[in-house]
Amino acid sequence: MALLEVKGIKKRFGKSEILKGIDFDLEKGEVLSIIGSSGSGKTTLLRCINFLEFAENGTITVNGEQIYNGETDNKIKEKDLREKRLHFGLVFQDFNLFPQYNVLQNLTLAPSLLKMGTKEELEAQARQIIKKVGLEEKVDFYPCQLSGGQKQRVAIARALMLNPDILCFDEPTSALDPELTGEVLRVIKSLKDTGSTMIVVTHEMEFARNVSDKVMFMADGVVEEMGDPAQIFDNPQSEKTRAFLANSLEKL
């Protein structure tokens with residue numbers, strides 16, 4: 001049984017249909033990279049999966065339990081919404097750290113509010129995760145004292161604190177200088193090695209090729225093509241996929 005099943009997701013903004021019926025599934029421990037041009041619907045899909053937007057149609061199922069039906073669940077109570085979101089950890093492209101809190105506090109705030117452990121337990125867990133992303137020496141630093149790559153690693157650690165079933169990344173390196181991109185991608189790759197299930201919206205083609213189990217190419221609000229990295233990058237079937245990859249690889 002798939003860990004995550006997404007069926008028929010549709011989303012409109014006004015008269016614009018952004019998602020036109022998205023279907024995919026993901027097994028536990030798999031990494032799915034979503035690629036495509038700006039405006040193809042990648043981020044909107046990720047926001048629908050994380051309930052930052054609500055799809056008008058379609059279903060989302062986690063571990064065999066349907067947690068969203070677009071035709072009936074578009075007015076979810078806040079308490080239920082928080083529970084649904086706990087299935088997913090979301091890492092934003094612009095970090096979204098709390099500037100008034102240090103690294104340790106950024107990690108412990110949400111689980112403390114959710115009463116997921118004592119202060120001592122949560123701080124011990126946070127220190128372990130901070131070490132996992134290579135920032136144990138920065139535990140008392142504030143976001144303004146960190147580089148962009150370090151901020152993104154803190155954001156990843158913060159998402160891990162809630163023990164999500166699925167980690168989601170929205171262009172995790174797009175706000176970083178090229179020399180800082182590698183350190184973030186290495187952390188994401190290390191998470192794959194420990195069995196994390198991940199969805200990564202990315203423009204890093206080499207990362208998508210080398211780390212993903214599945215690659216989804218989106219165009220104009222639909223899944224234009226999906227398959228393993230070798231299929232998508234070495235033998236794309238769609239003309240749109242071929243054109244996108246040719247343009248993307250020219251920029252490398």
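For the numbers below, each heavy atom of this structure counts, side chains included, while hydrogens, waters and symmetry mates do not. We're numbering straight along the sequence, starting at 1.
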**Message:** With a 6.0 Å cut-off on the ring centroids, do Tyr101 and Tyr142 count as close?
**Reply:** no
**Request:** Specify the closest pair of heavy atoms between Ile188 and Met198, including all atoms of both residues, with the distance to one decimal.
**Result:** O-CE, 3.4 Å
**Asked** Can you find a heavy atom in the side chain of Val103 that is under 4.5 Å from one in the side chain of Asn106?
**Response** no
**Asked** Salt bridge check: are Asp234 and Arg209 linked by an N-O gap of less than 4.0 Å?
**Response** yes
**Item:** Cation-pi check, Lys240 onto Phe244 ring (under 6.0 Å, within 45° of axis)
**Value:** no
**Message:** Within the structure provided, determine whether Met218 and Ile22 are in side-chain contact (heavy-atom separation under 4.5 Å).
**Reply:** yes
**Message:** Any carboxylate oxygen within less than 4.0 angstrom of a Lys/Arg side-chain nitrogen, looking at Arg47 and Asp170?
**Reply:** no
**Prompt:** Would you call Glu183-Arg186 a salt bridge at under 4.0 Å N-O?
**Reply:** no
**Prompt:** Do the side chains of Leu4 and Ile60 get nearer than 4.5 Å, heavy atoms only?
**Reply:** yes
**Request:** Please tell me if the side chains of Leu32 and Ser212 come closer than 4.5 Å, counting only heavy atoms from C-beta onward.
**Result:** no
**Request:** Using a cut-off of 6.0 Å, state whether more than 12 heavy atoms not belonging to Glu137 lie near its atom CD.
**Result:** no
**Request:** Please test Glu17 against Lys20 for salt bridge (charged side-chain N to carboxylate O under 4.0 Å, His left out), starting from the C-alpha separation and ending with a verdict.
**Result:** CA-CA 6 Å; Glu17 190 177 21; Lys20 302 174 182 177; 5.5 Å; no
**Message:** What I want to find out is whether Glu56 reaches Arg12 closely enough, with some N-O distance under 4.0 Å, to be called a salt bridge.
**Reply:** no
**Asked** In this structure, which one of His87, Lys79, Arg85 forms a side chain to side chain donor-acceptor pair (under 3.5 Å) with Glu83?
**Response** Lys79
**Heavy-atom pair of closest approach, residues Ser37 and Lys42** = O-NZ, 3.1 Å
**Message:** Using a 6.0 Å distance limit plus a 45 degree cone around the ring axis, check whether Arg158 lies over the aromatic ring of Phe98.
**Reply:** yes
